[in-house]
Amino acid sequence: MTEVIGPGRLSDLKDIFEGLSIRSCFLVADPTAYTSSGASERLQPLLTSLDTVTVFSDFAPNPDDTSVEKARHLAAQSAYDAVVAVGGGTAIDIAKLVSCSLNTPLTQVVADPALIRRDIALIAIPTTAGTGSESTHFAVLYVAGVKHSIAHDRLLPDVCVVDSDLLKSVPASVAAHTGLDALCQSIESLWSIHSTDVSREFALDGLRLSIANLEKVVNHPDPTSRDAMARAAHLSGKAINISKTTASHAISYAMTSEFGIPHGLAVALTIGPMLRWNAAITQADCVDPRGVEHVARTIDQILGMLDADTPQDAALWFDNTLSAAGCSTRLRAFGISRDQLTLLAANTNVD
Ligand code: NAD
């Protein structure tokens with residue numbers, strides 16, 4: 001994947017298109033962000049110079065099969081050199097799935113990702129600093145409220161353009177939810193049993209940037225904090241691209257589909273308790289092949305980065321960070337009662 005990163009770098013898209021001989025594109029554009037981020041205005045001269053451009057914006061947060069089917073139907077009416085996404089994780093995942101299912105029914109792709117084919121270019125331009133989807137080979141898809149994570153090498157974009165100027169229009173609440181996603185992805189990647197030396201480097205760099213900039217980008221955003229969070233999210237994506245995510249993500253999906261909690265916030269609600277849980281691991285319940293000592297070292301490393309003496313202090317750090325970002329820390333604030341915990345447990349993504 002070619003990575004183009006830095007404020008203002010959206011203007012590199014002209015050279016990228018020329019380099020890849022792109023004369024026609026199917027643009028998956030977030031219905032709000034495409035205009036409010038300034039991307040629409042900045043891309044206008046480039047897009048009007050192409051032979052064919054079709055814009056698809058008929059979707060809401062969290063990609064579902066109905067939106068992807070609509071996009072596939074529209075894309076099937078012409079031939080394109082590239083699918084380009086401008087938006088958050090939702091737009092990027094829709095673009096990934098459209099580009100990889102042009103000739104295969106979506107239901108088959110979901111059932112057997114090995115059927116995925118992609119013969120055209122895929123370019124991702126994130127307008128949120130959260131998911132890092134531009135740097136992963138996964139796509140999330142909700143089918144009848146049930147979350148599927150589809151994995152295939154061809155879901156990794158050929159090019160990503162991470163331009164933090166596109167974050168200027170992000171409302172504080174979205175900056176909080178998406179920033180929490182980046183923070184949690186880095187932490188989960190660190191303690192994932194699939195982590196490697198390489199994923200740990202990405203995760204540590206991403207975590208360092210998230211810790212230093214999350215509260216700032218929510219409450220007092222400036223170009224430096226925006227660029228830092230854009231990089232933090234991108235690094236967290238590179239980390240989970242290797243290690244995958246863990247329990248907090250697995251538990252979060254039903255919170256989003258059943259209770260409408262934004263993705264990153266849903267993940268962050270259980271990260272403190274999961275840290276305490278993982279810190280208490282013993283030989284008897286440790287599934288990391290590197291053993292309890294390895295897990296303990298990782299937890300200590302995370303505590304050190306959070307400047308916390310104990311797992312309880314770290315859990316408190318998360319509560320304070322959520323509060324400082326304007327988010328409640330209690331499930332009941334989102335309409336989740338004690339009785340409904342069974343529903344969340346039953347809908348947890350076991351993979
Ligand atoms: P999102 O794309 O759903 O966007 C959230 C809201 O922010 C939307 O209302 C959107 O219009 C608005 N928005 C986005 N950018 C904006 C901007 N610059 N200015 C103003 N408004 C803007 O949110 P997200 O958190 O980026 O993506 C969440 C989705 O990504 C979830 O479905 C999640 O499961 C998925 N995800 C995918 C991966 C992956 O690797 N494929 C990783 C993590 C998360």
Side-chain angles (χ1 to χ4, degrees), residues 10 28-40 42 57-65 67-68 85-97 100 113 122 124-143 145-152 155-157 160 162-186 188-189 206 217 221 226 229-230 233-246 248-250 252-257 260-268 349:
L10 186 65
V28 179
D30 182 281
T32 307
Y34 184 52
T35 309
S36 65
S37 69
S40 164
R42 289 169 63 190
S57 291
D58 187 9
F59 58 89
N62 302 307
D64 60 17
D65 53 338
S67 306
V68 178
V86 181
T90 299
I92 296 175
D93 283 5
I94 290 174
K96 286 178 171 184
L97 289 166
C100 287
L122 174 62
I125 305 170
T127 62
T128 59
T131 71
S133 175
E134 75 279 1
S135 52
T136 76
H137 68 289
F138 311 119
V140 169
L141 181 71
Y142 286 86
V143 180
V146 177
K147 176 259 182 186
H148 296 259
S149 182
I150 302 157
H152 192 281
L155 287 168
L156 182 72
C160 70
V162 181
D163 178 345
S164 53
D165 284 351
L166 298 174
L167 303 177
K168 282 182 194 160
S169 56
V170 171
S173 60
V174 175
H177 305 154
T178 52
L180 287 167
D181 194 16
L183 173 83
C184 294
Q185 285 189 162
S186 286
E188 289 184 56
S189 181
V217 88
R226 280 190 210 103
M229 280 310 295
H234 182 68
L235 286 161
S236 77
K238 287 171 76 123
I240 64 157
N241 188 44
I242 297 169
S243 67
K244 302 189 193 160
T245 51
T246 63
S248 288
H249 264 77
S252 78
Y253 296 108
M255 291 191 200
T256 296
S257 61
I261 306 178
H263 172 68
L265 176 56
V267 174
N349 186 286

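One-based numbering, in listed order, for ligands and for the atoms of each.
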Colleague: At a 4.0 Å cut-off, with the gap strictly under it, does some heavy atom of Pro171 reach an atom of ligand 1?
Modeller: yes
Colleague: For ligand 1, which part of Ile92 has a heavy atom less than 4.0 Å away: the side chain, the backbone, both, or neither?
Modeller: neither
Colleague: Side chains of Asp181 and His249: any donor to acceptor distance under 3.5 Å?
Modeller: yes
Colleague: Heavy-atom contacts with Thr136 under 4.0 Å: which atoms of ligand 1 show up? List them by number with element.
Modeller: 39 (C), 40 (O), 41 (N)
Colleague: For atom 15 (N) of ligand 1, grab the closest protein heavy atom and report residue, atom and distance to one decimal in Å.
Modeller: Thr127 OG1, 2.8 Å
Colleague: Considering only protein heavy atoms, which is closest to atom 3 (O) of ligand 1, and at what distance to one decimal place?
Modeller: Thr90 OG1, 2.6 Å
Colleague: Applying a strict 4.0 Å limit to heavy atoms, is Ser36 in contact with ligand 1?
Modeller: yes
Colleague: Judging by distance only, is a nitrogen or oxygen of Phe138 under 3.5 angstrom from one on ligand 1?
Modeller: yes
Colleague: Which of the atoms in ligand 1, numbered in the order shown and given with their element, are less than 4.0 Å from a heavy-atom of Val140?
Modeller: 34 (O), 37 (C)
Colleague: Can Ser133 and Lys96 be counted as having a side-chain donor-acceptor contact under 3.5 angstrom?
Modeller: yes
Colleague: Answer yes or no: is there a side-chain heavy-atom contact under 4.5 Å between Asp64 and Phe59?
Modeller: no
Colleague: How far is atom 25 (O) of ligand 1 from its nearest protein heavy atom, and which residue and atom is that?
Modeller: Thr178 CG2, 3.4 Å
Colleague: Enumerate the atoms of ligand 1 whose separation from the nearest heavy atom of Val174 is less than 4.0 angstrom.
Modeller: 7 (O)
Colleague: Between Gly237 and Gln185, what is the shortest heavy-atom contact and its length?
Modeller: N-NE2, 4.0 Å
Colleague: Which part of Val170 is near ligand 1, with near meaning a heavy atom under 4.0 Å away: side chain, backbone, both or neither?
Modeller: both
Colleague: So is there a nitrogen or oxygen of Gly89 less than 3.5 Å from a nitrogen or oxygen in ligand 1?
Modeller: yes
Colleague: Do Asp93 and Phe138 touch side chain to side chain, with heavy atoms closer than 4.5 Å?
Modeller: no
Colleague: Are Thr178 and Thr128 linked by a side-chain donor-acceptor pair shorter than 3.5 Å?
Modeller: no
Colleague: Please report the shortest heavy-atom distance between Thr90 and Asn62, naming the atom on each side.
Modeller: OG1-N, 2.8 Å
Colleague: Looking at atom 9 (O) of ligand 1, what's its closest protein heavy atom, distance included?
Modeller: Pro61 CG, 3.7 Å
Colleague: Could you tell me whether the side chain of Thr127 reaches within less than 4.5 Å of the side chain of Val170, counting heavy atoms only?
Modeller: no
Colleague: Which atoms of ligand 1 are found less than 4.0 Å from any heavy atom of Thr128?
Modeller: 14 (C), 15 (N), 26 (O)
Colleague: Would you tell me whether His137 and Asn241 have side-chain atoms, one donor and one acceptor, within less than 3.5 Å of each other?
Modeller: yes
Colleague: What do you reckon, does Asp181 have a nitrogen or oxygen under 3.5 Å from a nitrogen or oxygen of ligand 1?
Modeller: no
Colleague: Quick test: of every protein heavy atom, which one is nearest to atom 22 (C) of ligand 1, and how far off is it to 0.1 Å?
Modeller: Ala33 CB, 3.7 Å
Colleague: Establish, from distance only, whether the side-chain atoms of Lys244 and Thr136 form a donor-acceptor pair under 3.5 Å.
Modeller: no
Colleague: Backbone, side chain, both or neither: what part of Thr131 comes under 4.0 angstrom of ligand 1, heavy atoms only?
Modeller: both
Colleague: Please determine if Arg42 and Asp163 form a salt bridge, counting it only when a charged side-chain N lies under 4.0 Å from a carboxylate O.
Modeller: yes
Colleague: Tell me if a side-chain donor or acceptor on Glu134 pairs with a main-chain N or O of Ala124 at a distance below 3.5 Å.
Modeller: no
Colleague: With atoms numbered from 1 as shown, which atoms in ligand 1 lie under 4.0 angstrom from a non-hydrogen atom of Asp30?
Modeller: 10 (C), 11 (O)
Colleague: In terms of atom number and element, which parts of ligand 1 are under 4.0 angstrom from non-hydrogen atoms of Pro63?
Modeller: 32 (O)
Colleague: Would you check if Val267 and Leu180 make a side-chain contact, meaning some heavy-atom pair closer than 4.5 Å?
Modeller: no
Colleague: Under 3.5 Å between any N/O of Leu166 and any N/O of ligand 1: does that happen in this structure?
Modeller: yes
Colleague: May I ask you to identify the nearest protein heavy atom to atom 35 (C) of ligand 1, giving residue, atom name and distance to one decimal place in Å?
Modeller: Asp93 OD2, 3.8 Å
Colleague: Atoms of ligand 1 less than 4.0 Å from Thr32 heavy atoms?
Modeller: 11 (O)
Colleague: Note the single closest protein heavy atom to atom 43 (C) of ligand 1, along with its residue, its atom name and the distance in Å.
Modeller: Gln185 OE1, 3.2 Å
Colleague: Considering non-hydrogen atoms of the protein only, which is the closest contact for atom 19 (N) of ligand 1, and what is the distance?
Modeller: Ser169 OG, 2.8 Å
Colleague: Can a donor-acceptor pair be found, under 3.5 Å and without considering hydrogens, that links the side chain of Ser57 to the backbone of Ala29?
Modeller: yes
